[in-house]
Amino acid sequence: MLALASPSWQRDVWLQPEELEDLDYVVNVLFDDFCNADDPAPWLGKSLRTEEEVTLIEELGTAYSAVQESVGRGAPDRACLDAPGWGIVITIAARPAQVMVTNDLQAAALHQEQRQHS
């Protein structure tokens with residue numbers, strides 16, 4: 001999620017042929033392994049903690065799909081990053097990144113507190 005919210009990371013890493021991470025890798029991990037951005041609701045309670053996360057992932061999936069449709073499936077990463085709608089993807093990705101990190105930190109703090117009281 002953080003990679004989708006970071007234009008500098010995208011240009012510095014995804015566009016370098018020697019790097020293992022690229023847009024396709026991030027999308028596969030996020031939308032295939034972590035959850036389905038086209039239908040994130042079933043992932044609530046699994047990889048997504050809250051209804052807000054579900055909504056935000058769905059919005060991100062919609063924005064990413066619009067870019068993918070505009071440049072064509074299988075287009076090189078540079079074409080996606082240069083697409084007019086890519087800035088929207090970055091902006092939308094920033095919100096679930098922030099929310100998910102906050103939710104993870106809160107869950108970790110609660111877990112730690114429960115461990116201390118047991």
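All values reported here derive from a predicted model rather than from experimental measurement. We're numbering straight along the sequence, starting at 1.
- Around CG of L20, the count of heavy atoms belonging to other residues, nucleotides or ligands within 6.0 Å does not exceed 12.
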When you look at F34 and L48, which way does the side-chain contact (heavy atoms from CB on, under 4.5 Å) test go after all the steps? CA-CA 9 Å; F34 181 72; L48 301 175; 3.6 Å; yes
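- L110 contributes atom CG, which lies 12.5 Å from atom CG of L105 (distance to the nearest 0.5 angstrom).
- Ionic pairing of R78 and D22 is not present here: no N-O contact between side-chain nitrogen and carboxylate oxygen is shorter than 4.0 angstrom.
- Between the CG atom of L23 and the CG atom of L4 there is a distance of 7.0 Å, given to the nearest 0.5 Å.
- Residues V54 and P40 share a closest heavy-atom pair of O-CG, 3.4 Å.
- Here the CZ-CG distance, from R11 to D77, works out to 10.0 Å after rounding to the nearest 0.5 Å.
- Side-chain heavy atoms closer than 4.5 Å link hydrophobic residues (I, L, V, M, F, W, Y) into clusters, and following such links, even through other members, never connects L2 to I92.
- Results of the salt bridge (charged side-chain N to carboxylate O under 4.0 Å, His left out) test with R95 over E59, E58, E52 single out E52 as the only residue that passes.
- Taking the side chain as every heavy atom from C-beta outward, R49 and D104 approach each other to under 4.5 Å.
- Hydrophobic clustering (ILVMFWY, side-chain heavy atoms < 4.5 Å, transitive): V101 and V29 are in distinct clusters.
- Between Q16 and D12, the closest heavy-atom pair is CG-O, 3.0 Å.
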For E21 and W14, what are the C-alpha separation, side-chain angles and deciding distance, and is it a side-chain hydrogen bond (donor to acceptor under 3.5 Å, both in side chains)? CA-CA 6 Å; E21 180 182 306; W14 295 353; 2.9 Å; yes
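- The two atoms that bring C35 and S47 nearest to each other are CB-OG, 3.9 Å, heavy atoms only.
- Summarising the local packing, CD1 of I88 is surrounded by 12 or fewer heavy atoms from other residues, nucleotides or ligands at distances under 6.0 Å.
- If you take CH2 on W9 and CD1 on I90, they are separated by 14.5 Å, rounding to the nearest 0.5 Å.
- From N103, atom CG reaches atom CD of Q98 across 10.0 Å, with rounding to the nearest 0.5 Å.
- G61 and A37 make their closest contact through CA-CB, 3.6 Å (heavy atoms, listed as atom of the first residue, atom of the second, distance).
- Between I57 and M1, the shortest heavy-atom distance links the atoms CD1-CE, 3.1 Å.
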Would you check, one step at a time, whether the test side-chain contact (heavy atoms from CB on, under 4.5 Å) holds for V89 with L60? CA-CA 6 Å; V89 172; L60 178 59; 4.0 Å; yes
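- Between W86 and L81, the closest heavy-atom pair is NE1-CD2, 3.3 Å.
- Tracing side-chain contacts under 4.5 Å through hydrophobic residues (I, L, V, M, F, W, Y), one reaches V27 starting from M100; they form part of the same cluster.
- With E53 contributing its side chain and P96 its backbone, the two residues share no donor-acceptor pair below 3.5 Å.
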